2 protein chains.
Amino acid sequence: MSTTTPARRPGGRSAKVRDAVYTAVGQLMGEGKADRITIPLVANRAGVNPTSIYRRWGDLDTLLEEVAVAALTKDGDELPDTGSLRGDLSAWARIVVDDITQPRRTRYLRAMTSARDEVHTCPCWEQRRTQAKVMLDRARARGERAPTEQQVLDHVIAPMYHHVVFGLSVDREYAGQLVHDVLAMA
Amino acid sequence: MSTTTPARRPGGRSAKVRDAVYTAVGQLMGEGKADRITIPLVANRAGVNPTSIYRRWGDLDTLLEEVAVAALTKDGDELPDTGSLRGDLSAWARIVVDDITQPRRTRYLRAMTSARDEVHTCPCWEQRRTQAKVMLDRARARGERAPTEQQVLDHVIAPMYHHVVFGLSVDREYAGQLVHDVLAMA
DNA sequence: CAATTAAAGCGAAGATCATTGCTTTAGTTG
DNA sequence: CAACTAAAGCAATGATCTTCGCTTTAATTG
């Protein structure tokens with residue numbers, strides 16, 4: 001949550017409010033109240049005046065999307081480096097599964113699907129693409145046959161997110177199967 | 001919309017209200033007001049008392065989910081039969097793309113991701129699975145090598161739905177690529 | 001066709017949310 | 001450090017949603 005300098009007056013006050021609001025949303029999401037969330041509720045939890053939220057974010061969807069993106073791109077995970085593409089992708093897929101199946105993450109993902117109207121690339125996928133690229137480049141450098149980044153996104157990442165978002169079951173075994181499949185098409 | 005005998009009193013009246021509500025939701029969805037939808041709004045459009053909706057469905061999410069499922073499983077599409085698996089899957093993928101990229105369908109899909117809590121199989125995917133099975137069985141009967149149903153769902157259907165739901169671009173060319181990929185892993 | 005009873009309609013009361021003008025606080029700038 | 005001003009706090013208002021008790025309609029049953 002490192003002060004990301006939003007605009008005009010980055011000084012302590014705005015940042016403080018923003019952080020308080022972000023964490024309030026995070027808490028409420030974590031408490032399973034993903035649906036029942038409202039602006040006054042968030043404001044109250046954050047110890048902030050509702051008006052401030054209305055003025056800064058306009059509506060709930062905008063706020064939720066912002067928080068969701070911030071939460072979902074907070075990288076963190078070390079990329080695996082096992083020496084083989086299969087090993088790397090398998091480990092990575094497990095990491096991703098473990099990540100997105102956490103209830104709070106799942107809610108964030110679902111929240112992201114709500115407000116969205118026009119086509120716009122989300123930082124989340126770009127991050128995944130970058131991660132994939134690192135592993136694929138390493139594999140190619142070793143002389144391994146490797147699928148394209150797009151294929152990894154389409155056939156490993158997308159199905160997992162799809163399952164999560166639509167409430168279908170996802171586990172590490174499923175992730176492993178997807179990796180197996182994508183390697184078969186290389 | 002053929003009277004699906006909901007419960008106790010299937011007679012004309014309940015059915016009439018349900019249909020009116022369903023079409024009202026459909027209209028509002030079609031008008032791009034997917035977000036701004038509220039129960040009183042739906043009730044008004046349907047010429048029905050809001051109380052009736054509150055009593056029958058409880059909250060908006062429940063109603064939306066019900067309508068979404070009903071709308072998304074209203075089959076219709078003829079399954080292609082081109083003589084080759086590649087031809088069948090390609091044509092089918094185009095049909096699916098054309099279907100789910102319609103604004104209204106997209107909104108239904110997103111609505112489906114909202115209310116969902118526990119893991120429960122949605123008729124939508126079962127329908128797609130059945131469709132896939134038909135084409136795959138035909139292919140195998142012809143002696144073609146074919147991927148599994150699960151692979152078709154994971155690597156053709158899932159990525160397309162994923163793209164649609166998250167507002168990424170999807171078109172027939174993309175669909176074609178997915179089919180190409182899945183056949184490569186057979 | 002009369003009795004029964006789900007389910008819809010109606011209206012009012014209460015709660016919650018969203019908006020707006022004004023005031024106060026506290027970064028920023030010279 | 002004083003003037004300036006972006007952004008937050010506050011309070012009142014109007015709009016909207018939600019719930020509840022009661023009445024009315026009409027599908028079902030004998």
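As the structure is a computational prediction, the values presented were derived from the model and not from experiment.
- Of the charged side-chain nitrogens involved, none lies within less than 4.0 Å of a carboxylate oxygen, so that B/Asp35 and B/Arg107 do not count as a salt-bridged pair.
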For a quick test of your reading: what N or O donor-acceptor pairs under 3.5 Å do the side chains of residues 178-186 of chain B make, sequence neighbours left out?
unit_1	atom_1	unit_2	atom_2	d
B/Asp181	OD1	A/Gln151	NE2	2.9
B/Asp181	OD1	B/Gln177	NE2	3.0
B/Asp181	OD2	A/His155	NE2	2.7

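- The pair B/Arg18-B/Glu66 does not count as a salt bridge, with every side-chain nitrogen at least 4.0 angstrom from each carboxylate oxygen.
- Minimum heavy-atom separation, B/Arg104 to B/Gly30: NE-CA, 3.6 Å.
- With rounding to whole Å, B/Leu63 atom CG is found 14 Å from D/dC17 atom P.
- Side-chain nitrogen and oxygen atoms of B/Arg56 include at least one within less than 4.0 Å of the OP1 or OP2 phosphate oxygen of C/dA8.
- Under the 4.0 Å criterion applied to side-chain N and carboxylate O atoms, B/Lys74 and B/Asp99 are not assigned as salt-bridge partners.
- Below 30°, between 30° and 60°, or above 60°: for B/Trp125 and A/His162 the angle between ring planes is above 60°, a perpendicular geometry.
- Separating the CH2 atom of A/Trp57 from the P atom of D/dA7 is a distance of 12 Å, rounded to the nearest angstrom.
- Between the CZ atom of B/Arg13 and the C1' atom of D/dT25 there is a distance of 4 Å, rounded to whole Å.
- Bending across the helix from C/dC1-D/dG30 to C/dG30-D/dC1, expressed as the angle between its end axes from five pairs apiece, amounts to 50° (10° rounding).
- The minimum heavy-atom distance linking A/Thr62 with A/Trp57 is given by the pair CB-O, 3.3 Å.
- Atom C1' of nucleotide D/dG9 and atom CG of A/Asn44 are separated by 15 Å, given to the nearest angstrom.
- Put simply, CZ on B/Arg18 is 13 Å from C1' on C/dA7, counting in whole angstrom units.
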Protein-to-nucleotide contact annotation, 5' to 3' order, nucleotides 11-21 of chain C [B base; S sugar-phosphate only; - none; under 4.0 Å, heavy atom]: B-----SBBBB
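- For the pair A/Ile53 CD1 and D/dC10 C1', the interatomic distance rounds to 15 Å; values are reported in whole Å.
- Under the 4.5 Å side-chain heavy-atom criterion for ILVMFWY residues, a single connected hydrophobic cluster contains both A/Ile100 and B/Leu168.
- Contact check, B/Ser52 against C/dG9: a side-chain N or O comes under 4.0 Å of OP1 or OP2.
- Shortest non-hydrogen contact noted between A/Ala139 and A/Ala146 is CB-CB, 4.5 Å.
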